[in-house]
Amino acid sequence: MSASTSGKPDSKRDETKTTNRVNDTNKDASLLHRLAGPSSMKAGLALDQLEINKRIAEASKGSKYYENERRKDEELASKINALLKQRDELMAMADIPRLEAVADKVIAELEATRDLSQYIVHIDMDSFYASVEMLDNPSLVGKAFGVGSLGGVLSTASYEARKLGVRSGMAGHIAKKLAPDLIFVTNHFSRYSEVSGQVMTILRRYDETMNPVGVDEAYLNITDYCEANKITPEECTENIRKAIFQETKLTASAGIAPNKRKMLAKICSERNKPNGLFKLEFDAQAIRDFMKGLPIRRIPGVGRVTERLLESVGIKTCEDIYTQRATLVLMDKHFHMHDKLEIYLGLGSNVVRPWPREARKSVGSERTFHAISDPARINEKLEQVAKELEEDMERLGYSGHTVTLKLKLDTFEGNRAKSVHRPIRKYNELLSVGQELLAHELPLKLRLLGLRVTNLKDLRAQESGIKRFFGQTDDPNTRPLKRRKISNDKEVNTTVVGSILISDDEDDVDAGTSRKDLKRAATATPERPRSQILPDADVAPRASSHEPMPSQDTSPLPSKRAKTRPDHSSTSRKKPDELRSEQHICPICSKTLQTDNTGLNEHIDWCLSRSAILEASASETLNAGHGKPVSTQNKAISKAGGSKPKPKATQHSKPDIRLAWKQL
DNA sequence: CGGATCGAC
DNA sequence: CTATGTCGATCCG
Ligand SMILES: Nc1ncnc2c1ncn2[C@H]1C[C@H](O)[C@@H](COP(=O)(O)OP(=O)(O)OP(=O)(O)O)O1
Ligand SMILES: [Mg+2]
Ligand SMILES: [Mg+2]
């Protein structure tokens, strides 16, 4: 049961299966597994993994961090026990063949939606931060080093260091135990940002709508490019990798597949990590075979906790998803059958597009320091955080309406957060709100303080409708972007009449600007009392304009793209891609529904139990309107009275008791 | 809607 | 002795 909120060392990536098998049921083994995360790469390492885990456990023992992890691990374990108990009860009564039939039907329908027409490429730079560091300091080449600090956490590590078990997210001192000769190199975020900009610029040449994900990776749809230039996807991708290498001297790995996120292309790019390419065969059967052997943990979105949950019901590889489909149907609420079946089939979205500014939902800043309880000193930390946050908000061009305070006790546990509403923009506002929230919690010993603003207002967005004289501070290609919900604000135009607008703007990435910042050190040592003046430390993960990219594909924006992708759009229209918009097709009864997600789920629940009860035969006939055009889509502008305008039908909070009774 | 969890880079 | 920072999604009540 590995778990824990705080980031564990990067695991994922491991082939040589999870060695321990005998100890697997052992509590210690699970905790150990979580602390370390499977690592190892190719063969060779398998043997060492147990030893590595052991050393990590030894080094961790006794620390508060470790104790907190252990606590979480136990919580998860009991959660799983409860889940299994429920499953056993349900399975005892269930008509398994029927449940499997339900899943099989969904599988058949999903298979029918498979779209192999697009060439989606995922590009990911190799050990990015580490590679940039080697670029700037060639003497590091061939050495085992980590980027970060002893006493801090590592952002990443060189491949030589990885061979010894060192990973992203690993505490420096733990890494040192694994690799006594490990070299520590400090982060240079603005450099990474700069290089990232170069890479992204190259990628855009192959696909304007290229979709960056973080600083070192991106998705591209090269279908048009290949067509126009009469080259194969492999050639195109190799050209891309060559261009990146020639222009930046860095290597990247790539994956080519018919869909991206959550699936194939991304998985393929990791297939042969160091400087390689992997293209999946564009054939339904080949894809299904490819998926079969994959450990579910390799699926983006499946982390330690989910892995544990699935493993508890016998699902370790994607093939097991099929074997255990009855359980998935039965406990859909917990296991999301639909998503899992898509994974089993290797299906996924093939929509690639950049992230619009309006998609940002929050801006925050937080900081870890050696635990303190003195209110005055805590307040200083709050001031720092507030100041940094104001700078970021200014730089990014947002103001916000709600602020939440984040705290972490010296025990690592009990992260707590509160929030307040009120228009926020400047430092003093952030600080005073933060102080209010903090005061309410105070007698505490803290190791972290953070502030985050949500309910953002985009200060650079063209004024809704009428005024938009000011230069385009945004994407040069933005056209008549879809208007959002106009200002439904009650509060009339905040301060800032046009004047202040466009303060600095500078545009996207702060491209190597004269950033003399010496601010927070993400991966660096947590707060060095005195001295510690790293004149260079440009440390600070800049949140460049575009970078987040949630799994959701069905994003708002209408496609304004001039270039058209042949079928693509029409093809994918076949199925509701993911299921988020408004129209859905029930996977059980195939009816088209006009409803939101929860409405759809409710319908499916109803539909499942219905069809089970009434024998498959009658399935078609009865379908009283469910999934009806879902009531009013009230935008709920009325916050005045009881904000409960929605009748919200009966909520069967009953978990999975749907198909509980067996057929009779 | 706020808070806690999970996941990712 | 020692364990980051930033952000999105989802579920629960
Ligand atoms: N947990 C983390 N905390 C802070 N920074 C991180 C973390 N994980 C990754 N990063 C940063 C450093 C990485 O170089 C960069 C890109 O991540 P990622 O692509 O996952 O690994 P990587 O590029 O270092 O190695 P790989 O060759 O496996 O891709 O993001
Ligand atoms: Mg990478
Ligand atoms: Mg990456």
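Keep in mind it's a predicted model, so treat the numbers as computed, not measured. Chain letters run A, B, ... following the sequence lines, proteins first and then strands; every chain starts at 1.
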Looking at [options], which one has an atom nearest to any side-chain atom of [X]?
| X | options | value |
| --- | --- | --- |
| A:Arg297 | B:dG7, B:dA8, C:dA3 | B:dA8 |
| A:Val305 | B:dC6, C:dG5, C:dT6 | B:dC6 |
| A:Ser362 | B:dG7, C:dC7, C:dA3 | C:dC7 |
| A:Arg452 | C:dG5, C:dT4, C:dC7 | C:dC7 |
| A:Asp216 | B:dC9, B:dC6, C:dC7 | B:dC9 |
| A:Phe412 | C:dC7, B:dC6, C:dT4 | C:dT4 |

Six-ring centre of A:Tyr219, A:Lys260 cation under 6.0 angstrom, axis tolerance 45°: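 Pair A:Lys260/A:Tyr219 counts as cation-pi.
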Does A:Lys340 make a cation-pi contact with A:Phe335, if we ask for NZ or CZ under 6.0 Å from the ring centre and within 45° of the axis?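 Negative - A:Lys340 is either too far from the ring of A:Phe335 or too far off its axis.
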Could you tell me the separation between the [atom1] atom of [X] and the [atom2] atom of [N], rounded to a whole number of Å?
| X | N | atom1 | atom2 | result |
| --- | --- | --- | --- | --- |
| A:Leu178 | C:dT2 | CG | C1' | 14 Å |
| A:Leu150 | C:dA3 | CG | C1' | 11 Å |
| A:Glu69 | B:dC6 | CD | P | 11 Å |
| A:Leu409 | C:dA3 | CG | C1' | 16 Å |
| A:Asp332 | C:dT10 | CG | C1' | 14 Å |
| A:Arg304 | B:dG7 | CZ | P | 9 Å |
| A:Leu76 | B:dC6 | CG | P | 7 Å |
| A:Asn68 | C:dT2 | CG | P | 13 Å |

State whether [X] places a side-chain N or O below 4.0 Å from either non-bridging phosphate oxygen (OP1 or OP2) of [N].
| X | N | result |
| --- | --- | --- |
| A:Thr368 | C:dG5 | yes |
| A:Arg447 | C:dT4 | yes |
| A:Lys176 | C:dT2 | no |
| A:Arg360 | C:dC7 | yes |
| A:His336 | C:dT10 | no |
| A:Ser365 | C:dG5 | no |
| A:Ser155 | C:dT4 | no |
| A:Lys12 | B:dA8 | yes |
| A:Lys266 | B:dC9 | yes |

Which is more 5' along DNA chain B, the nucleotide nearest A:Lys79 or the one nearest A:Glu217? Just name the residue.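 First, find each residue's nearest nucleotide; the 5'-ward one identifies A:Lys79.
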Name all residues meeting the ring pair (Phe, Tyr, Trp, His ring centres under 6.0 Å) criterion together with A:Phe128; count only those two or more places apart in sequence or in a different chain, and write none if there are none.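 For A:Phe128, no residue satisfies ring pair (Phe, Tyr, Trp, His ring centres under 6.0 Å) once neighbours in sequence are set aside.
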Working to the nearest 0.5 angstrom, can you tell me the gap between A:Lys61 NZ and A:Ile56 CD1?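 The distance works out to 14.5 Å.
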Euclidean distance, A:Leu456 CG relative to A:Tyr398 OH, rounded to 0.5 Å: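 The OH atom of A:Tyr398 sits 7.0 Å away from the CG atom of A:Leu456.
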Rounded distance in Å between the C1' positions of B:dG7 and C:dT4: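 It comes out at 16 Å once rounded to the nearest Å.
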Just to verify, what does A:Arg447 make a side-chain hydrogen bond (donor to acceptor under 3.5 Å, both in side chains) with, not counting sequence neighbours?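 Partners of A:Arg447 under the side-chain hydrogen bond (donor to acceptor under 3.5 Å, both in side chains) test: none.
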Quick check: on DNA chain C, is the nucleotide nearest A:Ser60 upstream (toward 5') of the one nearest A:Val363, or the reverse? Name the residue that is more 5'.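 Nearest nucleotide further toward 5': that of A:Ser60.
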Using a 4.0 Å heavy-atom cut-off, does [X] contact any base of the nucleic acid, only the sugar-phosphate backbone, or nothing at all?
| X | result |
| --- | --- |
| A:Ser168 | nothing |
| A:Leu448 | sugar-phosphate |
| A:Lys177 | nothing |

Would you check if A:Cys318 and A:Leu294 make a side-chain contact, meaning some heavy-atom pair closer than 4.5 Å?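 Yes; the side chains approach each other to less than 4.5 Å.
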